[in-house]
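All ligand and atom numbering here is 1-based and tracks the order in the structure. These numbers were taken from a predicted model, which means no experiment stands behind them.
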Amino acid sequence: MSQQFAVFGTPISHSLSPQIHSAFGRQAGIDLRYIAIEAGPGDFAAKLQAFADAGGVGANVTLPLKALAAELAVTQSERAKHMGVANTLARTADGWHADNTDGIGLVRDLTDRHRLDLRERRTLIVGAGGGARGIAPALLDAGIGELFIVNRTPERADALADMLGQPSRVHARYLGDVATFGEFDLIINATSATRGGTLAPLPRSLVGRRTAAVDLSYGEAAIPFMAWARATNCHDAIDGLGMLVEQAAESFKLWHGVRPDTNAVFAALSGHSAGLVTAD
Ligand code: ATR
C-alpha cells in the first residue's frame, strides 16, 4: 500500500500541497498518497489521530494550526521548539515529531530562485502570527540587517521580538507608526489579512531603490499585496508560491530522505503565482 500523507488546515480545498508532493513522489519513484484534510483548532487533534490510526505517517500543517501542531507533537526540532510553531509532522513510534520548514523554504526561494542577496537588508515583517514566527529566525540567520515587526495586535509583535532575543537588531513597533520608519530593502506580508479581504495599504515611503516585497501567500490571496508592490515600484514582487514548493521539498526530505528537484514543479505551478520578478 502507498504511504499516506496529508495537509491539514482551513480553508484547505485549494491547497497545492497534494499536487506538489505527488509530483515529488513521481520524480523520486516513491509510491505515496497525499490528501488535503479540512480541520480547524477545534477538531485538528481528533482528525490527526484518526489520520494516524488509518496509517498516516506524515503531515503538513497550515493556517491556523501551526502552533497547535507544535503543541500536539511529542518531540520537536530545535527550530519548531524555539518558535512554538510547526508546519511538518513525522510519525514516530512514540507519536508525532514536529519540525518547521517554512523559514528555510522562504530563504531558499529568495536566494536560490530569485537571486536576492539578503545580507544586511533592512527588513519589515507585517504580521506576528504563525507565519511570521516560522520565518523570522531563518531570515536573521541568513544575515538580514535590522528587523522591524508590526502587527494589528501589538502585543503579538512584542512577543515575537522577545522570542527572537536580539534586542539591538529586532524591533517591535506600532503598525500605525509605519509611515515614520523610512525605507526597507525587504518587506514581508505575513498576515492572513488579504484572505479576509482587508490589509490597509502600506505607505509608499517604505519603498526604496531595491525593495523586495514578499507575500507568504500565493494565488488570489497574494494579489492585493503584489498589486501594492507594483504600484509603489518595488524592485521585486514575489509571492509565496516558490516558498511553498521549497518548504514542501524540505518536508519531503524529512519524510523520505531525498530532496527533490523543485524547479520543474515550480514551473508547472507558476500559473498559480501572483508574483513577478523585475529583472535588473
Ligand atoms: P498565520 O499562521 O498565517 O500567521 P495567525 O497566527 O492567525 O496565522 O496570524 C495571522 C496574522 O495576520 C496575524 O498577524 C494577524 O494579526 P493579529 O495578530 O492582530 O490577529 C494578521 N491579520 C489577520 N487579519 C488581519 C487584518 N484584517 N488586518 C491586519 N492584520 C491581520
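At a 3.5 angstrom cut-off on N or O pairs, Lys66 does not count as close to ligand 1. In terms of polar-atom proximity, Gly130 is counted as a contact of ligand 1, with an N or O under 3.5 Å from an N or O of the ligand. The N/O atoms of Thr191, backbone and side chain alike, include none that comes under 3.5 Å of an N/O atom in ligand 1.
By the 6.0 Å and 45° rule, Arg33 does not stack over the aromatic ring of Phe5.
Counting only N and O atoms by type, the side chains of Thr101 and Asn87 include a donor and acceptor under 3.5 Å apart. Side-chain contact, Thr75 with His97: a donor N or O sits under 3.5 Å from an acceptor N or O. Looking at Thr88 and Asp99, their side chains never bring a donor and an acceptor atom within 3.5 Å of each other.
In summary, the atoms of ligand 1 found under 4.0 Å from a heavy atom of Arg156, numbered by their order in the structure, are 6 (O), 9 (O), 13 (C), 17 (P), 18 (O), 20 (O). Contact atoms of ligand 1 toward Gly127: 14 (O) (distance under 4.0 Å to a heavy atom of the residue). Close approach of ligand 1 to Gly131 (heavy-atom distance below 4.0 Å) involves ligand atoms 1 (P), 2 (O), 4 (O). Contact atoms of ligand 1 toward Ala128: 14 (O) (distance under 4.0 Å to a heavy atom of the residue).
Counting only non-hydrogen atoms, the option in Thr153, Ile149, Leu160, Asn189 that gets closest to atom 17 (P) of ligand 1 is Thr153.
Across Glu250, Gln27, Arg113, Arg108, a single residue satisfies side chain to side chain contact (heavy atoms under 4.5 Å, CB included) together with Thr262, and that is Arg113.
The CZ atom of Arg204 lies 9.5 Å from the SG atom of Cys234; values are rounded to the nearest 0.5 Å.
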